[in-house]
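One structure is given here, and the rest of the page talks about it.
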Number of protein chains: 2
Amino acid sequence: MHLGAWLGPLCRGLRRPVGRTPQLVRGALSRRLVLSSRRRIPEFNSFVSRTNTCGELRSSHLGQEVTLCGWIQYRRQNIFLVLRDFHGLVQVIIPQDESSASVKKILCEAPLESVVKVSGTVISRPPGQENPTMPTGEIEIKVKTAELLNACKKLPFEMKDFVKKTEALRLQYRYLDLRSSQMQYNLRLRSEVVMKMREYLCNLHGFVDIETPTLFKRTPGGAKEFLVPSREPGKFYSLPQSPQQFKQLLMVGGLDRYFQVARCYRDEGSKPDRQPEFTQIDIEMSFVDQMGVQSLIEGLLHYSWPSDKDPVVTPFPSMTFAEALSSYGTDKPDTRFGMKIVDVSNVFRKTEIRFLQDALSKPQGTAKAICVPEGVKHIKRKDIESIKQFAADQFNQEVLPIFLKASRNWNSPVAKLVTEDQRLELIRLMEIQEEDVVLLTAGEHKKTCSLLGKLRLQCADLLETKGMVLRDPAQFSFLWVVDFPLFLPKEESPTELESAHHPFTAPHPSDLHLLYTEPEKVRSQHYDLVLNGSEIGGGSIRIHDAQLQQYILATLLKEDVKLLSHLLQALDHGAPPHGGIALGLDRLMCLITGAPSIRDVIAFPKSFRGHDLMSSAPDSVPVEELRPYHIQVSWPTEAEAQKDSLNQPHQQES
Amino acid sequence: MHLGAWLGPLCRGLRRPVGRTPQLVRGALSRRLVLSSRRRIPEFNSFVSRTNTCGELRSSHLGQEVTLCGWIQYRRQNIFLVLRDFHGLVQVIIPQDESSASVKKILCEAPLESVVKVSGTVISRPPGQENPTMPTGEIEIKVKTAELLNACKKLPFEMKDFVKKTEALRLQYRYLDLRSSQMQYNLRLRSEVVMKMREYLCNLHGFVDIETPTLFKRTPGGAKEFLVPSREPGKFYSLPQSPQQFKQLLMVGGLDRYFQVARCYRDEGSKPDRQPEFTQIDIEMSFVDQMGVQSLIEGLLHYSWPSDKDPVVTPFPSMTFAEALSSYGTDKPDTRFGMKIVDVSNVFRKTEIRFLQDALSKPQGTAKAICVPEGVKHIKRKDIESIKQFAADQFNQEVLPIFLKASRNWNSPVAKLVTEDQRLELIRLMEIQEEDVVLLTAGEHKKTCSLLGKLRLQCADLLETKGMVLRDPAQFSFLWVVDFPLFLPKEESPTELESAHHPFTAPHPSDLHLLYTEPEKVRSQHYDLVLNGSEIGGGSIRIHDAQLQQYILATLLKEDVKLLSHLLQALDHGAPPHGGIALGLDRLMCLITGAPSIRDVIAFPKSFRGHDLMSSAPDSVPVEELRPYHIQVSWPTEAEAQKDSLNQPHQQES
């Protein structure tokens with residue numbers, strides 16, 4: 001069997017990402033490596049003992065004496081081996097002559113994944129034995145000397161991308177998992193994207209990279225902030241959820257254009273796909289308005305976008321919060337596909353369908369629907385059952401499915417109750433095609449929209465499992481969502497208000513007068529950036545007027561302003577108008593790489609329960625090490641411990 | 001009085017840094033601003049409502065309609081005002097005609113430090129009224145419209161660089177202090193230097209910027225690590241002092257060339273000029289040796305060095321630890337000046353000076369001296385007294401001063417005991433000049449060197465207060481210190497060993513055999529980078545052999561290897577040889593800017609007691625917020641509290 005025959009799949013294996021669109025990303029990956037090395041050509045071999053990386057050798061290197069360092073990826077019949085480094089694979093010929101016995105011994109006896117250094121000559125492969133699927137497939141290395149740098153002991157799993165590992169095992173042996181082509185790709189791309197963002201901000205637009213403290217004062221109501229005991233009895237720092245206060249103070253300090261790739265902390269216990277520490281691209285500017293921040297971010301993403309993806313098209317479309325809710329049932333619409341929510345109240349003003357009648361008889365009652373394309377083919381009875389169940393359980397709502405068969409016969413339990421006029425009007429309003437299914441619900445505006453928003457995504461999932469492509473993974477649909485409400489009723493006490501985002505958000509200038517009369521109606525100057533249905537950023541124009549800030553904090557939100565006195569004072573001491581934004585870097589990179597979880601774009605992530613499975617953090621600490629911090633552990637009673645464990649999700653560490 | 005007359009000093013005032021070499025830095029600062037804007041020309045006016053910055057306007061802008069935003073720095077007789085932004089100052093003419101009454105009112109009534117937006121025309125100043133000391137001194141703005149963006153309330157201190165503030169006041173109102181030209185310069189230069197470092201590492205040499213967690217597991221003996229309680233009873237994260245373990249694991253993971261501008265944490269209570277959180281340029285490479293890391297760092301500093309300073313000359317000189325100790329009495333010699341320690345034991349083998357006799361009669365006894373140039377002129381009797389007192393108090397050592405008068409008569413209490421031969425030999429050996437003073441001591445090698453090392457610096461301080469220039473502040477003397485011992489005797493138990501740096505440091509290859517026989521004699525592959533007598537970085541080649549690491553941890557250091565089992569295992573799974581370094585960014589920027597404290601190169605530093613004086617962190621936390629973390633405060637008894645307060649330095653917050 002010839003080498004090319006098994007190196008081909010091996011090489012493809014190495015380069016196959018495990019993300020959600022392997023077939024699309026694979027081609028793009030090798031294209032990208034070429035493009036990016038053309039763009040910058042960093043010198044990978046400076047300061048080290050190798051002359052070349054394994055992945056860079058080509059026919060143009062023929063005849064060159066090279067020294068390579070890498071891991072033994074594969075060996076066959078003591079004749080060939082494949083050496084791997086971060087840059088790629090290269091085929092090495094093990095010398096068979098007597099005089100090279102020691103070299104042969106080293107290369108044949110070293111276990112796979114051992115680290116070796118080899119020197120030799122780049123030669124071309126015998127005719128017909130080239131491997132066109134391998135970037136180094138035209139050449140091989142005729143080895144002269146070899147050195148075993150470190151032998152590898154038995155591994156906990158096979159180091160092949162196609163060998164499936166549980167995520168717990170991958171996290172426990174993260175240093176092995178990092179050798180996978182997918183993790184190498186993700187982390188290197190992350191570094192590149194951030195570097196380009198820095199170039200854009202610093203070098204092109206005069207932003208100043210400023211580090212702000214992470215040992216800070218607890219913010220009012222900061223229930224998600226980790227505490228850090230200090231050596232003063234009873235005094236604690238806290239790890240802030242964002243540099244919000246600091247970046248505003250920098251504006252007051254005349255720093256004008258600030259950014260930071262900021263580590264932030266949020267203690268949310270066990271939320272899936274969240275991390276206790278995360279990173280945001282944190283930006284703040286003086287003398288800017290909402291459009292200014294949006295243009296900056298559009299330019300930033302355009303500039304830093306990976307070159308193997310289609311370029312980002314700017315400006316991004318914009319949608320009000322109200323429109324997002326009524327058309328998509330969410331404040332983060334996935335605009336890659338249609339199936340928008342349509343208000344069909346007027347169609348059913350006169351109807352015999354009971355739940356529609358009931359809903360529309362109420363003052364705020366509406367009837368809404370979404371149209372699932374080709375649903376007749378793909379949505380089965382059991383799907384309908386689970387949709388209805390979901391609507392009843394989560395929203396206490398009824399859903400009526402209407403199957404539109406090619407015969408134009410409406411197939412639905414209540415279809416006979418829909419008049420011909422209603423049918424035609426529905427078809428016109430919703431642009432219904434043959435074979436579509438309409439899901440109809442009725443009730444209060446927000447609730448019906450939220451329900452249909454969820455059903456829209458569930459049906460898209462369903463259709464995609466059947467082979468339809470609704471959400472092209474190569475497509476990146478950015479969207480600004482704007483005009484959020486400034487306040488929301490408090491969940492636990494709906495007559496009181498809380499900030500929809502944070503209390504420093506400026507009200508919309510057109511709604512200023514409402515602050516003193518109907519504050520719940522005031523829109524804010526907050527904006528969210530949504531990508532393919534995920535919120536990847538948010539920001540606002542801030543309040544720069546101390547009096548207004550005081551009124552909102554004290555009078556409307558009933559906060560203890562003493563805790564923020566430094567900020568209020570700063571606003572009174574010549575604060576410029578300012579605004580900013582923060583992009584969630586982990587989420588953004590997750591979407592760009594198509595990774596299944598943000599853990600795949602973080603070098604050493606925590607499990608969903610906040611554990612580092614490699615080092616087993618958090619860990620116990622001897623009592624004497626707690627003493628300098630004047631704290632002791634309050635061990636829960638057995639009853640409490642039991643209660644706690646019931647509240648914890650009973651899942652294995654993923 | 002003409003405007004130029006008072007604008008001149010004002011402008012110089014704005015640009016005068018408060019660092020230790022105002023006269024040198026001042027010229028450099030304006031030169032740098034020109035150079036750096038030529039180099040990159042970032043666009044400062046994108047996305048905002050101004051057309052120009054205050055500082056950028058020149059004669060070339062004459063006739064242009066401009067819109068500026070800035071702070072009112074100064075106003076005179078309601079005729080002129082000076083507008084300031086981060087970029088500089090510009091003179092604005094307040095319109096006096098009737099039709100501009102509203103503009104005049106705004107500009108005349110707004111308190112200083114209010115934020116305004118003005119639009120108008122760039123005109124040239126009347127002949128003879130130009131201000132050559134002001135970059136915008138050839139032009140002024142004829143205002144057409146003005147808008148008060150935010151009025152400034154009464155300030156806690158005057159916003160002028162020459163008004164001296166206590167550091168406590170500066171920290172309490174940090175957002176005001178940040179408006180000073182010195183803080184603007186420091187923070188902007190820091191951002192620029194770091195950006196250039198990133199370009200060098202990422203774009204030129206293929207390093208990958210990887211973020212590592214700060215919520216980690218407590219390291220063995222990590223007494224300086226802050227704790228972070230988790231929601232699991234008795235389990236704590238800790239904030240690591242460096243990403244050491246992670247960066248080594250990245251090498252095992254094949255990431256090959258890692259760097260990070262890493263936030264690190266160290267709880268050292270109240271140490272002056274230390275911060276509980278600090279930043280290091282953290283670097284690790286595979287397949288590298290000591291020379292490789294050193295060349296990388298030399299290239300890095302050369303590339304990122306501010307353009308207003310003399311270029312960094314590479315390679316840096318190198319000195320062994322032993323040599324640094326014997327010539328400078330420290331492992332971080334300031335090589336900008338001489339006054340090296342000289343061993344004069346052989347001169348005094350036969351002497352009647354009692355303490356020399358005593359010392360040299362012992363097997364390890366030595367006599368050492370430094371020569372203070374022109375000391376006769378500058379060192380007074382009271383200086384000698386305090387030198388002797390210091391030597392006695394801190395080192396239990398005697399010091400003999402010998403004044404070498406022009407008459408060649410040795411003036412010293414014991415001079416008559418020094419023979420003519422000894423005199424001549426001393427002069428030859430130490431290259432003594434007329435008017436020099438020799439400080440002589442004797443005893444054990446390390447102790448005498450350490451003492452003379454301190455005296456060398458004290459005398460340099462003394463001579464500089466008298467006007468001599470020993471340490472040119474424009475000079476940057478880099479030095480590698482190498483060949484440190486791998487282990488040191490434990491202070492509390494000198495028969496046991498502890499790591500001189502950290503337990504992952506590789507032994508010097510030539511000393512490997514000594515590990516098993518005389519480990520205290522083994523040198524390490526650790527290297528320190530010293531700049532002008534301050535340690536600004538340190539690193540090492542690491543151990544990549546699991547067996548060796550296990551032997552050092554368990555057998556030599558008696559550490560609990562279970563806590564590091566993940567690292568030992570990683571070394572066994574194909575760890576490449578690797579090494580790295582970390583540069584202390586705060587200290588480096590402090591030296592580059594000539595700032596008196598690292599607090600001057602950090603936007604929001606803590607006081608020396610670890611307090612944020614602006615927000616008053618750390619702070620009390622309600623008991624119910626401690627509950628989720630299963631901790632409670634152990635309030636000290638009155639007696640304990642008293643004892644604690646005695647151990648605290650009784651200084652005011654600086």
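Letters A, B, ... mirror the listed sequences (proteins, then strands); counts begin at 1. All of these numbers come straight from a predicted model, not from anything done at the bench. Atom set for the values below is all heavy atoms of this structure, side chains included, hydrogens, waters and symmetry mates excluded.
Both the backbone and the side chain of B:I631 come within less than 4.5 Å of a heavy atom in chain A. Proximity to chain B (any heavy atom under 4.5 Å) is shown, for A:Q632, by both the backbone and the side chain. In this structure, the portions of B:E211 lying under 4.5 Å from any heavy atom of chain A include both its backbone and its side chain. If you measure heavy-atom distances from B:S238 to chain A, you find no contacts under 4.5 Å at all. For A:P213, the parts sitting under 4.5 Å from any heavy atom of chain B are the backbone and the side chain alike. If you measure heavy-atom distances from B:Y265 to chain A, the contacts under 4.5 Å come from the side chain alone. Looking at B:Q275, neither its backbone nor its side chain comes within 4.5 Å of chain A, counting heavy atoms on both sides. For A:L201, no part lies under 4.5 angstrom from a heavy atom of chain B. Interface remark: B:P576 contributes backbone and side-chain atoms alike to the contact with chain A (heavy atom separation under 4.5 Å).
Not counting sequence neighbours, the partners of A:D572 by the side-chain contact (heavy atoms from CB on, under 4.5 Å) test are A:A546, B:K153. Remark: B:S286 engages no residue in a side chain to side chain donor-acceptor pair (under 3.5 Å) (not counting sequence neighbours).
Under a 3.5 Å cut-off, the side chain of B:R174 and the backbone N or O of A:L250 do not form any donor-acceptor pair. Side chain of A:E232 to main chain of B:P618: no donor-acceptor pair is present (N/O by atom type, distance under 3.5 Å, no hydrogens or angles). Side-chain atoms of A:R188 come within 3.5 Å of backbone atoms of B:L255 as a donor-acceptor pair (strictly under, hydrogens ignored).
By the 4.5 Å heavy-atom criterion applied to side chains, B:Q569 and A:Y175 are counted as neighbours. Inter-residue side-chain proximity for B:R198 and A:R198 is flagged as met; some heavy-atom pair is nearer than 4.5 Å. Within the 4.5 Å cutoff, the side chain of B:V252 has heavy atoms near those of the A:R179 side chain. The shortest distance between side-chain heavy atoms of B:D612 and A:Y237 does not fall below 4.5 Å.
Closest approach of B:V208 and A:S191 over heavy atoms only: CG1-CB, 3.6 Å. Closest approach of B:G254 and A:F86 over heavy atoms only: O-CB, 3.5 Å.
Among B:D545, B:L571, B:V115, the residue with the largest count of heavy-atom pairs under 4.5 Å with chain A is B:V115.
Remark: A:L249 CG to B:M614 CE distance equals 4.5 Å, nearest 0.5 Å.
Salt-bridge formation is not detected for the pair A:D619/B:R218: no Lys NZ or Arg NE/NH1/NH2 atom is positioned less than 4.0 Å from an Asp or Glu carboxylate oxygen.
Side-chain contact annotation: A:H205 with B:S46, donor-acceptor N/O pair under 3.5 Å present.
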- Message: side-chain contact (heavy atoms from CB on, under 4.5 Å) for A:L215 and B:L239? Distances and angles first, verdict last.
- Response: CA-CA 11 Å; A:L215 293 173; B:L239 300 175; 4.1 Å; yes
